[in-house]
Amino acid sequence: MRFNFCKTLISLIVVTELSLLGCTPERSLSAKPTEIHDRILTVDGHIDWPIRQFLNPEFNPSIRNEPGLADSGQWDLVRMEEGGLDAVFMAIFTVQRERNSEANQQAKAHANQLIDLTEKLVADNQDQVEIALRPEDAYRNEKLGKKSIFLGMENAYPLGTDLENVQFFFDRGIRYITLTHTKNNDLADSSTDEQQEWGGLSPLGAEVVREMNRLGIMIDVSHVHDDTFWDVIELTKAPIIASHSSARALRDVPRNMNDDLLRAIKKNGGVVQLCFLGDFIKEMEQTPERQAALESLSAELAAWSQGTLSPEESKALFAKYREINQQYPENKPTLADVIDHLDHMVEIMGIDHVGIGSDFDGGGGLIGINDVSEMPNITQELLARGYSESDIRKIWGGNLLRVFEEVIAVSSNK
Ligand SMILES: [Zn+2]
């Protein structure tokens with residue numbers, strides 16, 4: 001298989017935390033966005049802190065990590081409070097490796113480890129945060145002044161070929177499952193693999209969709225091939241989500257949603273959540289020095305994309321990546337660029353089908369919106385563009401939790 005540097009790089013960006021460098025402009029917030037955040041429930045539908053914590057065990061999420069430093073990540077409890085963010089869906093992410101029973105068992109064990117460390121975070125900070133399993137948990141916690149952590153699974157790989165694992169992970173708290181990551185798996189075709197394998201959903205993938213409907217787990221179509229999307233939307237009895245995808249009309253990459261997909265989600269009653277990953281927002285020129293530095297990692301990136309690096313080797317690779325980002329900062333799109341995607345989605349779908357899935361700690365981060373402490377900047381930009389408080393409430397999680405309620409309503413776990 002020919003190695004595709006760009007694609008591998010994009011995969012890397014999607015998977016791991018990157019530099020938090022940044023040219024973040026000084027914030028000059030009027031009181032209004034913060035006041036709105038006090039009045040509404042705000043939800044970020046996709047943050048990759050668990051894998052970041054796994055790869056950087058020395059990171060302390062209970063303290064304020066100074067924004068902009070290489071090892072600060074983009075989420076911690078203190079900055080979440082600063083940003084007026086009430087709830088997050090933490091991604092329980094596994095990189096797609098081999099598909100045999102031994103590798104499947106390892107993926108399941110890895111997902112369990114990531115859930116364990118998220119539960120530990122909550123246990124260590126019981127006064128501030130709780131695991132949430134249903135929308136009402138988040139609304140209740142917000143009234144009590146507590147934050148909520150929901151669990152989503154990014155890549156269904158840990159299910160292996162055993163349908164009973166859907167119930168297993170439901171019992172562990174998983175409330176959405178992204179069917180694939182950057183490669184095909186036993187359930188479905190991915191949008192970024194070299195070639196299709198199933199023509200959409202596999203027969204097992206179809207059973208998993210039905211089982212998710214039965215249990216009340218949201219089906220996440222970010223990362224999946226368009227053919228998988230169409231199979232899912234035909235089969236599902238409940239609304240679906242794209243937890244972190246933007247608009248293909250503005251940036252033509254397979255990870256974004258084209259207008260036909262957006263219209264289908266509207267019809268289905270679902271939600272598409274804006275992703276803040278630079279390459280999905282706008283094509284940006286990078287310096288030759290940065291390009292050359294990234295090329296020097298190409299062999300390791302290829303190995304990583306094949307799933308052959310150990311966690312230690314992956315950690316070393318990510319450290320080198322951070323160094324390159326410090327030395328040769330990435331030329332990133334801005335907050336205004338990503339809100340252009342939102343405007344387009346609203347034009348196609350209306351206000352009831354959009355949300356926010358930053359992908360912080362998984363590659364997300366733009367000029368003006370580079371960590372959770374900067375969330376009010378989004379609200380400020382929405383106000384400047386004429387969105388009402390009622391619109392903003394829907395964008396900031398109201399739509400996602402409405403979908404979640406409908407998913408529960410069609411399930412047998414009402
Ligand atoms: Zn992703």
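Note that ligands are numbered from 1 as they come in the structure, with each ligand's atoms numbered from 1 the same way.
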A.B. asks: Would you call the rings of H46 and H244 parallel, tilted or perpendicular, where under 30° means parallel and over 60° means perpendicular?
C.D. replies: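 Judged by the thresholds at 30° and 60°, the geometry between H46 and H244 is parallel.
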A.B. asks: Taking D189 for its side chain and G199 for its backbone only, find out whether a donor-acceptor pair lies under 3.5 Å.
C.D. replies: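 Such a contact is found between D189 side chain and G199 backbone.
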A.B. asks: Between W396 and H37, is the ring centroid distance below 6.0 Å?
C.D. replies: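 Close enough - the centres of the two rings lie under 6.0 Å apart.
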A.B. asks: Quick one: the NE2 of H244, the Zn ion (ligand 1), OE2 of E154 angle, rounded to 10°, please.
C.D. replies: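 The angle at the Zn ion (ligand 1) comes to 90°, rounded to the nearest 10°.
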A.B. asks: Go through the structure and list residues passing side-chain hydrogen bond (donor to acceptor under 3.5 Å, both in side chains) with N65, not counting sequence neighbours.
C.D. replies: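 Counting only residues at least two positions away or on another chain, N65 forms a side-chain hydrogen bond (donor to acceptor under 3.5 Å, both in side chains) with D76.
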A.B. asks: Within H223, is some N, O or S atom less than 2.8 Å away from the Zn ion (ligand 1)?
C.D. replies: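 H223 does place an N, O or S atom closer than 2.8 Å to the Zn ion (ligand 1).
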A.B. asks: Does the shortest distance from the Zn ion (ligand 1) to an N/O/S atom of H46 fall below 2.8 Å?
C.D. replies: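 Within the cut-off used here (under 2.8 Å), H46 places no N, O or S atom near the Zn ion (ligand 1).
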